[in-house]
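Note sheet for the following structure.
Quick note: numbers below take in every heavy atom, side chains included, and nothing from hydrogens, waters or symmetry partners. Predicted, not measured: the structure shown is a model, and the values here were computed from it. Just follow the structure's listing: the first ligand is 1, and inside any ligand the first atom is 1.
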Amino acid sequence: MSDPARLRVLVTRRTFDDVLGDLRRRFDVDDNQGDQPLSPDELASRAAGCDGIITAVADPVTPALLDACPKLRVVANCAVGTNNVDIPACTERGVMVTNTPGVLDDTTADHAWALMFAAARRVVSSDRWLRDGHWRAWGFMDWHGVDVHHATLGIIGMGRIGQAIARRAAGFDMRVIYHNRKPLPDDRALACGAAYAGFDELLSTADFVVVSVPYGPATHHLIGARELALLKPTAVFVNVARGGVVDDAALVEVLAGGRIAAAGLDVFENEPSLHPGYVGLENAVLTPHIASASRATRLGMAELAARNLVAALEGSRPPSLVNPEVVPRPV
Ligand code: DGY
């Protein structure tokens with residue numbers, strides 16, 4: 001039986017018991033243990049009387065949802081990306097928006113490297129071939145891949161995650177170039193061992209191109225047919241940013257035609273649907289948006305989302321407020 005004096009919170013996806021337990025001690029909590037994303041109608045009806053919601057990347061926070069939630073004070077997105085949240089609409093209605101920066105940088109950077117290696121050294125396709133019983137004899141001329149060491153790594157988007165990806169390159173004696181809206185201050189670039197390059201220059205000179213930019217109107221199809229045509233025929237392309245940053249149809253065409261060596265992709269347009277062209281491609285390594293999915297990091301994200309929500313509902317400034325210009329709704 002819910003206590004009308006307590007603030008109400010919805011947690012839209014399954015999370016860690018300790019995090020949920022702590023929230024239950026403070027608030028009346030409704031949570032989606034079923035773990036399938038809630039439909040827009042169900043999300044609106046369950047969020048309707050809530051003061052705060054903890055959302056995930058697949059929950060669209062739209063003006064219609066916000067209008068169904070007249071008491072809502074905070075949307076605590078359990079992700080660093082906030083492209084699922086209409087931030088201006090939240091700000092207009094006095095709703096604070098928070099995200100989870102910092103806690104997932106290293107884990108996401110590790111995964112970018114996992115994709116680089118897996119794609120370059122054909123780890124997944126050779127594993128599949130082996131399991132399928134095709135191995136008859138060791139082959140000197142079989143399964144040639146692309147060297148990672150001493151290659152040029154090009155990073156598009158040099159935020160915290162891009163920088164963490166760059167720092168790892170020193171161990172493989174790589175040259176690192178990056179492209180960003182603004183060049184990094186010199187000391188930061190030096191710490192990453194990275195040199196600034198123009199966008200087209202990076203695409204045409206890097207052996208490994210890794211994309212790590214936020215998604216929004218300015219980065220929609222940042223990588224399309226024109227950009228892919230600039231890549232070297234031996235290039236390995238990696239996306240750990242967001243679906244929509246890359247034009248999947250164009251990338252499928254390039255991979256199917258063997259016009260680059262390989263790709264490692266964690267994110268896709270229209271997730272969880274996959275462009276059907278990817279399925280049969282031997283030169284694409286695909287993971288289901290798991291770059292931040294180590295247990296420790298997902299726990300860190302859940303804890304930070306909860307800290308943001310608690311701060312917002314208990315009257316202090318959330319540690320990672322995305323819309324600091326907001327004038328919060330009164331309690
Ligand atoms: C994020 O945090 O934005 C990731 O894509 C999900 O972990």
For ligand 1, which atoms have a heavy atom of Ser292 less than 4.0 angstrom away? 6 (C), 7 (O)
Enumerate the residue pairs fulfilling ring pair (Phe, Tyr, Trp, His ring centres under 6.0 Å) with a member in residues 253-280, sequence neighbours excluded, ordered by first and then second residue. Phe268-Tyr278
Could you list which atoms of ligand 1 come closer than 4.0 Å to a heavy atom of Leu104? 2 (O)
Contact check: Thr100 vs ligand 1, nitrogen or oxygen atoms, below 3.5 angstrom: no
Side chains of Thr82 and Asn77: is there a donor and an acceptor less than 3.5 Å apart? no
is_close_aromatic(Phe208, Trp113), centroid dist under 6.0 Å: no
Kindly state whether the ring of Phe199 and the ring of His179 have centres lying under 6.0 angstrom apart. yes
Can you find an N or O of Gly81 that's nearer than 3.5 Å to an N or O of ligand 1? yes
Please could you name the atoms of ligand 1 that Met301 approaches to less than 4.0 Å, counting only its heavy atoms? 2 (O), 7 (O)
Between Asn99 and ligand 1, which part of the residue brings a heavy atom under 4.0 Å of the ligand: side chain, backbone, both or neither? neither
Is it true that Asp22 and Arg26 make a salt bridge, defined as a side-chain N closer than 4.0 Å to a carboxylate O? yes
Assess, by modelled atom type and distance only, whether the side chains of Gln33 and Asp31 contain a donor and an acceptor separated by less than 3.5 Å. yes
Using 4.0 Å as the upper bound for N to carboxylate O, is an ion pair formed by Asp207 and Lys232? yes
So which bit of Ala79 gets within less than 4.0 Å of ligand 1, heavy atoms only: side chain, backbone, both or neither? both
Atoms in ligand 1 with a heavy atom of His289 nearer than 4.0 Å: 4 (C), 5 (O), 6 (C)
Any nitrogen or oxygen of Val80, side chain or backbone, less than 3.5 Å from one on ligand 1? yes
